[in-house]
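If you're wondering where the values come from, they're calculated on a predicted model, not measured in any experiment. The chains referred to below are lettered A, B, ... by the order of the sequence lines, with proteins before strands, and numbering in each begins at 1.
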Number of protein chains: 2
Amino acid sequence: MATNPRRPERRQEPLSRERIISAAVELLDTVGEGGLTFRALAKHLATGPGAIYWHVTGRTELLGAAIDSVVATTIAAVDDADATPQEAIRALALGVFDAMDAHPWVGTQLTHAPSHSPMLRVFERIGRQIQALRVPEAAQFTAASALMSYILGVAGQNAANTRTLRPDTDRTEFLDSVATAWKELDPDEYAFTRNVAGQLREHDDREEFLAGIDLILTGIIALQRPTG
Amino acid sequence: MATNPRRPERRQEPLSRERIISAAVELLDTVGEGGLTFRALAKHLATGPGAIYWHVTGRTELLGAAIDSVVATTIAAVDDADATPQEAIRALALGVFDAMDAHPWVGTQLTHAPSHSPMLRVFERIGRQIQALRVPEAAQFTAASALMSYILGVAGQNAANTRTLRPDTDRTEFLDSVATAWKELDPDEYAFTRNVAGQLREHDDREEFLAGIDLILTGIIALQRPTG
DNA sequence: ACCTGAACACCGTTCAAGT
DNA sequence: ACCTGAACACCGTTCAAGT
């Protein structure tokens with residue numbers, strides 16, 4: 001018998017940085033940030049924890065590489081060839097939003113990444129559209145940064161929410177529970193919050209996110225220098 | 001000799017939730033997020049790690065209480081009695097910004113806090129100004145959320161930066177090094193980023209932050225319903 | 001009621017030893 | 001060159017035992 005039909009541990013390919021990172025992404029998606037352990041990852045790759053260190057310097061770099069790979073793929077997939085600058089920015093922002101939605105840990109790690117390289121990719125693509133919007137040079141950095149910060153903020157909050165959530169509760173159920181909690185706040189101290197609790201219940205995360213982008217875009221367009 | 005002039009361990013007051021939290025804030029400020037250990041905290045309070053659990057359910061709650069106390073104090077100190085809505089929002093945002101500056105860990109933990117209560121305080125105060133700006137009811141939630149997300153995004157980035165920084169490097173030195181790194185990026189892939197690298201060098205964090213707030217405020221004011 | 005600190009079940013990371 | 005896995009130096013958290 002030359003080949004064993006069911007090897008219990010298949011060590012298909014040799015270990016590689018690439019395989020490690022994609023296994024890390026898988027683990028992050030399934031068990032969350034806390035579940036990404038060198039021991040768990042090693043088991044997943046049918047090896048010992050030490051082996052990983054040959055390809056990766058440590059946990060920080062591993063997390064960084066994981067987001068980088070996810071964001072890079074997402075950003076590359078956004079097609080803004082025939083779009084107006086505004087449309088392109090919305091498409092880009094939505095791309096990041098959907099990536100966070102699929103991988104909630106991206107939201108937290110986006111800011112934590114020491115390389116900053118995933119953020120830099122987004123920043124560059126936003127910036128090009130800012131230029132296309134004829135924003136004066138001196139204000140271009142501000143405009144692109146504002147959009148970037150907003151996107152990061154939403155990412156962080158979304159990640160925080162999914163982290164708080166029981167894995168089985170769905171969106172509307174969650175929003176309902178928050179809205180109910182808000183309605184029970186002290187009427188004097190939290191008058192506004194109580195008042196908008198209803199809007200929270202019927203809100204769509206993606207639309208709300210885009211509405212925020214549009215607010216900033218309105219502000220940016222007000223900076224526009226004349227054509228010609 | 002009734003009193004010992006130099007008691008080596010002074011256990012002034014009994015342990016209390018309050019003392020634990022303020023010791024936690026002190027530790028976070030001095031040794032950072034990673035340095036806040038139950039063992040270190042216990043030593044600081046001249047007790048054992050187990051004692052802390054009598055007053056606090058665990059590390060998550062402790063961190064939450066720590067930001068809550070810092071943000072609550074900051075927010076309470078912001079006086080917006082005689083300000084226009086725009087001025088009040090700027091003052092509020094700057095308050096949070098300065099709190100983050102003094103306590104870099106706040107930036108990260110603001111989103112992580114499970115109670116969300118520090119964010120809720122800010123949200124409420126922003127919201128009241130949004131109402132004063134005569135934003136239509138249906139858009140009030142969006143407007144307040146956008147400002148909130150932006151503030152959180154900047155907070156997160158700031159925290160990430162100070163975390164990356166060697167404790168001794170100062171602001172301008174850091175900005176210079178980032179600007180230099182940006183100038184060395186691939187000219188085709190990062191044309192925009194290279195282009196604004198100069199603006200990064202001469203930028204003021206606080207002003208940049210406020211400029212972003214103003215962009216969003218411009219967008220919000222465009223939503224304004226007519227007076228009367 | 002509150003505190004103590006040893007003990008438990010984990011971590012990330014290192015490193016001698018293997019192939 | 002690459003992998004192995006025991007070992008080290010930590011964690012947060014628990015809990016019997018003390019006051």
J.: Looking only at the side chain of A:Thr37 (C-beta and beyond, no hydrogens), which of the listed nucleotides D:dA6, C:dG12, D:dC3 gets closest?
T.: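 The answer is C:dG12.
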
J.: Give one of base, sugar-phosphate or nothing for A:Leu36, where a contact means two heavy atoms less than 4.0 Å apart.
T.: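 Sugar-phosphate, backbone atoms only, no base.
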
J.: Can you tell me the distance, in whole Å, between the CG atom of B:Leu15 and the P atom of D:dT19?
T.: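 These atoms are roughly 18 Å apart.
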
J.: What distance separates A:Glu124 CD from A:Ile75 CD1, expressed to the nearest 0.5 Å?
T.: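 A:Glu124 atom CD to A:Ile75 atom CD1 measures 12.0 Å (nearest 0.5 Å).
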
J.: Just checking, any donor-acceptor pair under 3.5 angstrom between side chains of B:Thr142 and A:Glu208?
T.: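 Yes, because at least one side-chain N or O of B:Thr142 sits under 3.5 Å from a partner of the opposite role on A:Glu208.
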
J.: What is the separation between atom CZ on A:Arg17 and atom P on D:dA1, rounded to the nearest whole Å?
T.: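 After rounding, the reported distance stands at 19 Å.
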
J.: Below 4.0 angstrom, N of the basic side chain to O of the carboxylate: do B:Arg206 and B:Asp101 qualify?
T.: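 So B:Arg206 does not pair with B:Asp101 through a salt bridge.
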
J.: Going by an N to O cut-off under 4.0 Å, is there a salt bridge joining B:Asp68 and B:Arg121?
T.: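 B:Arg121 and B:Asp68: salt-bridged.
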
J.: Using whole Å, report how far CD1 of A:Ile52 lies from P of D:dC2.
T.: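 The answer, rounded to whole Å, is 16 Å.
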
J.: Where the side chain of A:Trp54 is defined as all heavy atoms beyond and including C-beta, which of D:dC2, C:dT13, C:dG5 is the nearest nucleotide?
T.: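 Per side-chain heavy atoms of A:Trp54, the pick is D:dC2.
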
J.: Watson-Crick or G-U wobble partner for C:dT13, using a 3.5 Å limit on both distances?
T.: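 In the structure as shown, C:dT13 has D:dA7 as its Watson-Crick or wobble partner.
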
J.: For the side chain of B:Ala51, counting heavy atoms from C-beta on, which of C:dC3, D:dA6, D:dT13 is nearest?
T.: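 Between C:dC3, D:dA6, D:dT13, the one nearest the side chain of B:Ala51 would be C:dC3.
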
J.: Could you tell me the separation between the OH atom of A:Tyr53 and the C1' atom of D:dA6, rounded to a whole number of Å?
T.: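 Rounding to the nearest Å, OH of A:Tyr53 and C1' of D:dA6 are 15 Å apart.
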
J.: Applying the Watson-Crick and G-U wobble criteria at under 3.5 Å, what pairs with C:dG18? Answer none if nothing qualifies.
T.: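 The answer is D:dC2, by the H-bond criterion.
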
J.: For A:Phe38 and C:dC15, give me the distance from atom CZ to atom C1', rounded to whole Å.
T.: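 Interatomic distance, CZ of A:Phe38 to C1' of C:dC15: 15 Å.
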
J.: Rounded off to whole Å, could you give me the CZ-to-C1' distance for the A:Arg39 and C:dT13 pair?
T.: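 Those two atoms, CZ and C1', are 9 Å apart.
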
J.: If you round to the nearest 0.5 Å, how far is OG1 of A:Thr172 from CG of A:Asp204?
T.: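 The distance works out to 11.5 Å.
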
J.: Just how far, in rounded Å, is P of D:dC11 from CD of B:Glu33?
T.: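 Roughly 15 Å, once rounded to whole Å.
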
J.: Using whole Å, report how far NZ of B:Lys43 lies from C1' of D:dC11.
T.: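 Distance check: B:Lys43 NZ to D:dC11 C1' gives 15 Å.
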
J.: Quick one: on DNA chain C, does A:Gly50 or A:Gly34 contact a more 5' nucleotide (nearest heavy atom)?
T.: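 Of the two residues, A:Gly34 wins.
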
